[in-house]
Novice: 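Quick one: the structure is below, and I'll ask about it shortly.
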Amino acid sequence: MSKLRVAVVGAKGRIGSEAVRAVEAAEDMELVAALGRGDRLETLVEAGAQVAVELTTPASVMGNLDFCVRHGIHAVVGTTGWTEDRLAQLGASLDASPETGVLIAPNFSIGAVLTMAFARQAARYFESAEVIELHHPNKADAPSGTATRTAQLIAAARAEAGLGSQPDATVTALDGARGADVDGVPVHSVRLRGLLAHQEVLLGDEGETLTIRHDSLHHSSFMPGVLLGVRRVVTAPGLTFGLEHFLDLG
Ligand SMILES: NC(=O)C1=CN([C@@H]2O[C@H](COP(=O)(O)OP(=O)(O)OC[C@H]3O[C@@H](n4cnc5c(N)ncnc54)[C@H](O)[C@@H]3O)[C@@H](O)[C@H]2O)C=CC1
Ligand SMILES: O=C(O)C1=N[C@H](C(=O)O)C[C@H](O)C1
């Protein structure tokens with residue numbers, strides 16, 4: 001069986017360098033290119049890459065994906081910064097290249113994907129819901145892509161269940177004290193030396209609370225998801241948002 005020809009873009013970064021090692025170690029894959037900042041994207045075509053793993057920055061990701069999609073190279077994307085506008089722009093380029101697949105995974109770790117699924121499931125039963133994400137201090141953006149997605153899923157589940165706005169009588173607060181508002185769900189961001197990537201979803205109702213917590217302790221936690229994404233994206237044309245679509249979550 002021929003091996004999947006895989007490139008990593010952002011290959012010198014924290015997660016990119018881990019992805020390079022994971023692809024090199026995968027028996028069914030061949031690492032054909034490892035691009036850093038300033039490297040020519042044409043290398044992807046010259047190397048015959050079938051799938052590009054995109055792990056760069058919100059400022060770089062759109063240009064890199066535009067190139068991949070125009071050249072029929074499937075992409076597995078972990079980079080954050082996804083807005084409705086950006087998704088629409090990517091959707092338009094995919095319409096012009098209908099056989100190409102792009103997976104955007106706000107989080108590649110199975111525990112984080114399950115946290116999102118559990119939070120979505122639980123949200124309808126609780127009056128209150130808040131998200132706390134905690135990351136290493138070198139992280140460029142806040143809130144994390146995972147926390148934003150989690151809050152959006154909670155908000156959608158609350159709306160579907162007919163829940164209104166959350167109880168909150170606080171009238172005086174220092175700017176930022178109640179976190180960022182993501183579709184009505186407060187999201188709080190902590191940046192702390194010693195941490196990697198962590199999240200708590202707090203749910204509360206009369207007389208009880210439920211806390212769902214996930215901890216990524218090493219970048220290796222993201223690698224099974226990256227490799228699964230690479231294997232699956234080649235047979236999934238169009239845009240897939242969230243690794244859960246490639247997992248049988250029951
Ligand atoms: N979805 C997931 O499970 C995960 C997503 N991430 C996300 O991945 C992204 C990268 O995170 P880190 O590795 O921690 O950041 P990092 O700053 O360590 O790495 C980013 C790398 O991309 C390079 N880069 C920037 N523009 C480039 C371009 N145009 N072409 C090639 N390389 C380019 C930078 O020079 C740097 O080496 C962030 O958006 C982060 O939030 C990080 C971990 C897990
Ligand atoms: O920058 C990181 O480190 C991470 N970024 C992703 C995010 O913003 O959700 C995924 C994970 O939390 C690690």
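Numbering of ligands and ligand atoms starts at 1, following listing order.
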Novice: State the atoms of ligand 1, each with its element, that fall below the 4.0 Å cut-off from a heavy-atom position in Pro106.
Specialist: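 Near Pro106, meaning under 4.0 Å from one of its heavy atoms, ligand 1 has 1 (N), 2 (C).
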Novice: For ligand 1, which is the ligand I care about here, please tell me if Ser109 has any N or O atom under 3.5 Å from one of the ligand's N or O atoms.
Specialist: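 No, no N or O pair falls under 3.5 Å.
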Novice: Purely on distance, is any nitrogen or oxygen of Phe222 under 3.5 Å from one on ligand 1?
Specialist: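 Between Phe222 and ligand 1 (N or O atoms, distance only) the closest approach is not under 3.5 Å.
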Novice: Looking at Gly36, which atoms of ligand 1 are within less than 4.0 Å of one of its heavy atoms?
Specialist: 30 (N), 31 (C), 32 (N)
Novice: So which pairs with a foot in residues 198-233 pass ring pair (Phe, Tyr, Trp, His ring centres under 6.0 Å), sequence neighbours left out?
Specialist: His219-Phe222
Novice: Quick one: nearest non-hydrogen protein atom to atom 22 (O) of ligand 1, plus distance?
Specialist: Thr56 CA, 3.5 Å
Novice: Output yes when the distance from some N or O of ligand 1 to some N or O of Ile15 is under 3.5 Å, and no in every other case.
Specialist: yes
Novice: With only distance considered, is Asp141 within less than 3.5 Å of ligand 1 through an N or O on each side?
Specialist: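 Asp141 vs ligand 1: no N/O contact under 3.5 Å.
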Novice: By the rule that ILVMFWY residues connect when side-chain heavy atoms come within less than 4.5 angstrom, directly or transitively, which residues belong alongside Met62?
Specialist: Val61, Leu65, Val69, Val77, Trp82, Leu87, Leu90, Leu94, Val102, Ile104, Leu239, Phe241
Novice: Quick one: look up the protein heavy atom nearest atom 7 (C) of ligand 1 and list residue, atom name and how far away it is.
Specialist: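 The closest one turns out to be Gly78 O, 3.5 Å.
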Novice: Is Ala105 close to ligand 1, meaning an N/O of one under 3.5 Å from an N/O of the other?
Specialist: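 Min N/O separation from ligand 1 is below 3.5 Å for Ala105.
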Novice: What is the closest protein heavy atom to atom 14 (O) of ligand 1, and at what distance does it sit?
Specialist: Arg14 NE, 2.9 Å
Novice: Looking only at distance, does Ser60 have an N or O less than 3.5 Å from an N or O of ligand 1?
Specialist: yes
Novice: Mark yes when over 12 heavy atoms from residues, nucleotides or ligands other than Arg120 sit less than 6.0 Å from its CZ; otherwise mark no.
Specialist: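 Result for CZ/Arg120: open.
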Novice: Is Thr80 in polar range of ligand 1, meaning some N or O pair under 3.5 Å apart?
Specialist: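 There is such a contact, yes.
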Novice: Only pairs at least two apart or in different chains count here, so list each ring pair (Phe, Tyr, Trp, His ring centres under 6.0 Å) that has a residue in residues 109-158.
Specialist: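 Passing the test, one end in residues 109-158: no pairs.
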Novice: For ligand 1, which part of Asn64 has a heavy atom less than 4.0 Å away: the side chain, the backbone, both, or neither?
Specialist: side chain
Novice: Quick one, list the residues around ligand 2 where some non-hydrogen atom comes in under 4.0 Å, by chain and residue number.
Specialist: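 Its neighbours under 4.0 Å (heavy atoms only) are Thr80, Pro106, Asn107, His135, His136, Lys139, Ser144, Gly145, Thr146, Ala197, Phe222, given by chain and number.
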Novice: Does CD belonging to Glu24 count more than 12 external heavy atoms closer than 6.0 Å?
Specialist: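 Yes, the 6.0 Å shell around CD holds more than 12 heavy atoms from other groups.
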